[in-house]
Protein chains: 2
Amino acid sequence: MATKRQQLLDFAVLGLLHEAPMHGYEVRKRLDLAIGPFRALSFGTLYPALRGLVEEGYLVERSTDGPNTSRRPRIVYELTEHGRARFGELAGGGDDAAYDDESFALRLAFFARTEGTARLRILQGRQARLEERLAAIRRDAASGDSWSRLLTRHTEESLVRDLRWLAELIAAERGSSSTPGTLTDPNHPAFQPPRLGAPN
Amino acid sequence: MATKRQQLLDFAVLGLLHEAPMHGYEVRKRLDLAIGPFRALSFGTLYPALRGLVEEGYLVERSTDGPNTSRRPRIVYELTEHGRARFGELAGGGDDAAYDDESFALRLAFFARTEGTARLRILQGRQARLEERLAAIRRDAASGDSWSRLLTRHTEESLVRDLRWLAELIAAERGSSSTPGTLTDPNHPAFQPPRLGAPN
DNA sequence: GCTGCATGTATCGGCTCGATATATCGACAC
DNA sequence: GTGTCGATATATCGAGCCGATACATGCAGC
């Protein structure tokens, strides 16, 4: 039922809320800045999604404002145990894992919180995807006028480089034990508790 | 009024129809295969767009089927003079030229039919865009855990390579006269007259 | 002559984007 | 102090697009 994009958004939100509760505005800012390649999403998408996650029991609302403030109430969302489990499911790839640029970058952003076996599977899935793309580009490498061919050749070279890079990651993942240790760093700014604006 | 995406689609359709009249199915196939990076678009988008272009006088419908065939009528679209002019406008960049991956790749696909001055402007616009992206990535290169940083570093290297490539193109464009000659090749399969299925 | 696949046009529901409305807070100027 | 500006924060709406689906024909293989 859930769209691929919806699943991806759920994954990102659940991942962000893992370390600290946040309100919607904060979530969006981090998706924009910290997570990087994840395309900015509009509030018209995010807010309904947050409410949906509450409905499904993955999040709970929690207002940090005292009752006697005149301030517009801000809704802080907090992860439930159920939500934590859901993140694990989504991180593992779920039913139909997508390996496009955006999905892959997002998965990588939460790799430190992903199981070793799932990590390997994701890297290999991405590899397969890029190899498909490379084959497709080589298939009609000769087509197009010289301008298009210029772009095609450049894209092909980029793909080869990306694949080499991926192969290195896979080798490293295979070599290390299930917990990479030296590669994991808990000081991700996206995981620092957010400052929730006014103190009150 | 027109969306950025609509303008892009108009540009692609007008460009494809420059050499030969086609029906919608053919247009979609070429957008998918020949043009490459232009994301596949659904018929639910393409057909209304074609009808819209007819309404605006950029295309005319022309049925190639004789009256006595039982075959479902296929609508062949043909470029008008007005449409040819419109393509020139859009190729020049129009009001708000977009320089994202998709737009740029599409513009490049029709570069042989684009004026020299517009070509240079497009390459430089793309250059500016990539430099922005590079600056943004470098600004928070230190953020994220080591997994994200791995991706960030790789992306940064790719951007640098892309910029180098672009600089070469720009130098070549500057060096050559307004018509590149040696670089232009009219044998683009996208510009071969389409085979319209059954002969009749 | 049956089955499957490519060709070809068309529509619809649901989801998303982009714009907009509303409201509070902190900062800085005058 | 008070005026304005930008950041914070939630919410909604119209327009537009994707993905699925329906329908119909031609062609190849068996």
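- The listed nucleotides are D:dC18, C:dG8, D:dA11; the one nearest the side chain of A:Arg51 is D:dA11.
- Taking the side chain of B:Tyr25 as heavy atoms from C-beta on, and the options C:dT16, D:dC18, C:dT7, the nearest nucleotide is C:dT7.
- Distance B:Lys29 NZ to C:dT9 P: 11 Å, rounded to the nearest Å.
- Between the CG atom of A:Leu9 and the P atom of C:dC17 there is a distance of 9 Å, given to the nearest Å.
- With hydrophobic clusters built from ILVMFWY side chains whose heavy atoms lie under 4.5 angstrom apart, A:Val60 does not share a cluster with A:Val54.
- Atom CD in B:Gln7 sits roughly 15 Å away from atom C1' in D:dG16 (whole-Å rounding).
- Going from atom CD of B:Gln6 over to atom P of D:dA15 covers 12 Å, rounded to whole Å.
- Protein atom CD of B:Glu26 is 10 Å distant from nucleotide atom P of C:dT9, rounded to whole Å.
- Rounded to whole Å, the distance from CZ on A:Arg28 to C1' on D:dA11 is 14 Å.
- Ring-plane geometry between A:Phe11 and A:Phe110 is classed as perpendicular, the angle between the planes exceeding 60 degrees on a 0 to 90 degree scale with a lower cut at 30.
- In the model, B:Ser158 has no side-chain atom that pairs as donor or acceptor with a side-chain atom of B:Thr155 under 3.5 Å.
- Rounding to whole angstrom units, OH of residue B:Tyr47 and P of D:dC17 are separated by 17 Å.
- Formation of a donor-acceptor pair under 3.5 Å by the A:Arg119 side chain with backbone atoms of A:Phe111 is found in this model.
- At the phosphate of D:dC18, OP1 or OP2 sits under 4.0 Å from a side-chain N or O atom of B:Thr45.
- In this structure, A:Leu41 and B:Phe43 both approach DNA chain C, and ranking their closest nucleotides by distance from the 5' end singles out B:Phe43.
- Atom CD1 of B:Ile75 is separated from atom C1' of C:dT7 by 14 Å (rounded to the nearest Å).
- With distances taken from any side-chain atom of A:Arg74 to the nucleotides D:dG19, D:dT10, C:dG8, the minimum falls on D:dT10.
- Nucleic acid contact class of A:Gly44 (heavy atoms, under 4.0 Å, all strands): base.
- Taking the ring centroids of A:Phe87 and A:His18, they lie under the 6.0 Å cut-off.
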